[in-house]
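Here is the naming used below: chain letters follow the sequence lines, and residue numbers restart at 1 for every chain.
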There are 2 protein chains.
Amino acid sequence: MRVRLEDVARATGVSPKTVSRVLNEEASVKESTRQKVLAAMESMNYRPSPAARGLAGRRSFLVAMLYDNNNNPASTYLAEIQDGVLDACDANRYSMMACPLRMRGQDFIRRVDALIADHEIDGVIMTPPLTDYPPLLQRLQEQGVPYASISPLHRGRAIGVCMDEQQAAEALVNHLVELGHRRIAHIVGIANHGASRWRLAGYKDALAAAGITYDAQYVAQGEFTFGSGVMAARQLFALPQRPTAIFAANDDMAAGVMWAANELGLKVPRDLSVCGFDDTPLATQLWPPLTTVRQPSREMGKLAALQLMELLRGRGTGLLVQVPYALQLRESTAAVP
Amino acid sequence: MRVRLEDVARATGVSPKTVSRVLNEEASVKESTRQKVLAAMESMNYRPSPAARGLAGRRSFLVAMLYDNNNNPASTYLAEIQDGVLDACDANRYSMMACPLRMRGQDFIRRVDALIADHEIDGVIMTPPLTDYPPLLQRLQEQGVPYASISPLHRGRAIGVCMDEQQAAEALVNHLVELGHRRIAHIVGIANHGASRWRLAGYKDALAAAGITYDAQYVAQGEFTFGSGVMAARQLFALPQRPTAIFAANDDMAAGVMWAANELGLKVPRDLSVCGFDDTPLATQLWPPLTTVRQPSREMGKLAALQLMELLRGRGTGLLVQVPYALQLRESTAAVP
DNA sequence: GACAGAAATGATAGCGCTGTCAATTTGCGT
DNA sequence: ACGCAAATTGACAGCGCTATCATTTCTGTC
């Protein structure tokens, strides 16, 4: 049958407990013993049973990736993050479960509890907007489940990973300014997303730095979706003084802007410069390809998972690490006509 | 502390084993007893420990979703399937692990073994092209791990879910024929994908049905990527008799065709009709929106997972169920000029 | 109403590992 | 050498559930 820890112990001539210590990388094992045990494990192709480890040790080596599947069904952003999280888990002998979680509904907390209890989750990784949903955070704390956040809105005590989106947005808008644009519009994302606030703030910073007066007319509300980008753009195009450039808070909305421009016969970038944010695959599949900001989602997933595992190992208290952004200047932006 | 099976047993006045029977939906439990136990479980908020169940019962209630993350990094298609699989798992008290698996590499089999052993996987759900990778299938069979396939190439003994892609492709091309097109080109996908073969076959069927002679010149090779679509289209445009319609084997390549058309100043659909396959979000984010075929990926993931669970429960032998396609006729196709 | 056979239930012994705490060995100073 | 603290190691008892097989409680039959 299966090779058990006991078999390794017998083969090595030590007690099962010692093998267990080696397996769990505990400190007080003599180096020579460690090597012997490790060698035996390797040669016998020993694989610890997660079920047994979980039962005896009261931990599952399982982390859950929580995301809100209500707004963005099957987005690339989430898929990339998941990929990164999986990477980190793999390297640390943890497993990951993907857990879509509808935020609306009375029984939200009960579903969270069920999730944690049913799978005996060791820790949680969250994406926006869950990162800043008080009932969830509170419940996790009550249950004593450690968590790491990706791009949380409130960065105070958060652990996880973030990007300086405000500065990135500022740099992007600054690029438009350098191309000679003065009437630069912005399409904001969903209100409670940190992303929306930061990108708007960066937009304002860039205008201020360029000495352009902020004009609320040029800021339209969107919802991060293609359709909302179309609507917002139509509204901006109806303005007496049409903007010469539009910075949409994400790529999907930027694609919507390009559609709306097309409807009016406006040629991008000749008549209108457009830029987005996120650098999703869509950005390079539009015509013309979209100027945007790359957010290293995969890397962010990985880093968040690593922070969580530091927590789970009891080493340190976890950090909020910051990753760099990168402007992707493509053909959807050009000098003002 | 935690409510255990034993606690439920004591509260109900039956033996732990009986409670276990109820939990596992075994047959020989008197209905009245079952109800009593179920009520107690509910009122005590009992949650069985997966670790203990796994250890004692030698099964993990865990299924793995295997996918090749080499070709399509973080595709929407996979994300949708995963969503469907999660749905089905949830409803059946199973858990799902997402397992990206690089196909290349000598140690492929070892990695598969490790995956199964490390997580004590009960069953596997696969997506193309893993569904038809002999070393993998063989290993799974050797290990006695049941599996279900999504859109497998070889449908002989396969269990899982599929769509009649050939007929869908035929219907799509037939739509072009009805619009008056005669010089209809096709861009094929990656060779070893079933999708590529079926879609090509459907294309040929439609031509044959319309009495149009098949001309290999009008069939270009692609790789399911945007870039390969651009290349293939350029090649088709260079033909002495340019096609008036192009059917790309997926949406990404169709987007590439539209890009290439733009390069040449060809207006879609006025000068060229374009259609894709899959109905990814991209399809409605292009200008003009893409005529394509919707593949119900989410539903397919769900159905495949359900088939697998039937297998795991030992009921029946599992089926290969077929889901219907749906043509999405949009503005990228129009009557021949 | 006694009895075979089926249906329902229970007693017992683990599944493979880790926590706890006790026992042993080691290193070091004098 | 000797004593003592620190470093290692081991014995043992579960973790919460299920498999196995034994036992009890129902059925219906004549």
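Judged as a salt bridge (charged side-chain N to carboxylate O under 4.0 Å, His left out), and not counting sequence neighbours, Asp132(A) has no contacts. Partners of Gln82(B) under the side chain to side chain contact (heavy atoms under 4.5 Å, CB included) rule, at least two apart in sequence or in another chain, are Tyr67(A), Gln82(A), Ala98(A), Met65(B), Leu86(B), Met96(B), Ala98(B). For Tyr46(B), there are no ring-ring contact (aromatic ring centres under 6.0 Å, His included) partners at least two apart in sequence or on another chain. Residues that satisfy the side chain to side chain contact (heavy atoms under 4.5 Å, CB included) test with Leu312(A), not counting sequence neighbours, are Val63(A), Tyr94(A), Asp122(A), Pro146(A), Leu308(A). For Thr12(B), the side chain to side chain contact (heavy atoms under 4.5 Å, CB included) partners at least two apart in sequence or on another chain are Val8(B), Val14(B), Lys36(B), Val37(B), Ala40(B). Taking the side-chain hydrogen bond (donor to acceptor under 3.5 Å, both in side chains) definition, one finds that Asn92(A) meets it with Arg313(A), sequence neighbours left out. Considering only residues two or more places apart in sequence or on other chains, Thr131(A) meets the side-chain hydrogen bond (donor to acceptor under 3.5 Å, both in side chains) condition with none of them. Scanning for side chain to side chain contact (heavy atoms under 4.5 Å, CB included) contacts around Leu115(A) gives Cys99(A), Leu101(A), His119(A), with sequence neighbours left out.
Five base pairs at each end of the helix from dG1(C)-dC30(D) to dT30(C)-dA1(D) define two local axes, and these are offset by 30° (rounded to 10°).
Contacts of residues 31-38 of chain B with DNA chain D (heavy atom under 4.0 Å): none.
Checking the phosphate oxygens (OP1, OP2) of dG10(C), a side-chain nitrogen or oxygen of Ser15(B) falls inside 4.0 Å.
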Less than 3.5 Å apart, which donor and acceptor atoms pair up between the side chains of residues 27-34 of chain A and the rest of the protein, not counting sequence neighbours?
| unit_1 | atom_1 | unit_2 | atom_2 | d |
| --- | --- | --- | --- | --- |
| Glu31(A) | OE1 | Arg34(A) | NE | 3.3 |
| Glu31(A) | OE2 | Gln35(A) | NE2 | 2.6 |

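Residue-level contact check: Ser49(A) touches the backbone only, with heavy atoms under 4.0 Å from sugar-phosphate atoms and none from bases.
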Readout for nucleotides 18-25 of chain C: B = base within 4.0 Å of protein heavy atom, S = sugar-phosphate only, - = neither; 5' to 3' it is SBBB----

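The side-chain heavy atoms of Arg53(B) and Asn24(B), taken from C-beta on, include a pair separated by under 4.5 Å.
For the pair Arg2(B) CZ and dG14(D) C1', the computed distance is 15 Å after rounding to whole Å. Straight-line distance from the CG atom of Leu55(A) to the P atom of dC15(D): 9 Å, rounded to whole Å.
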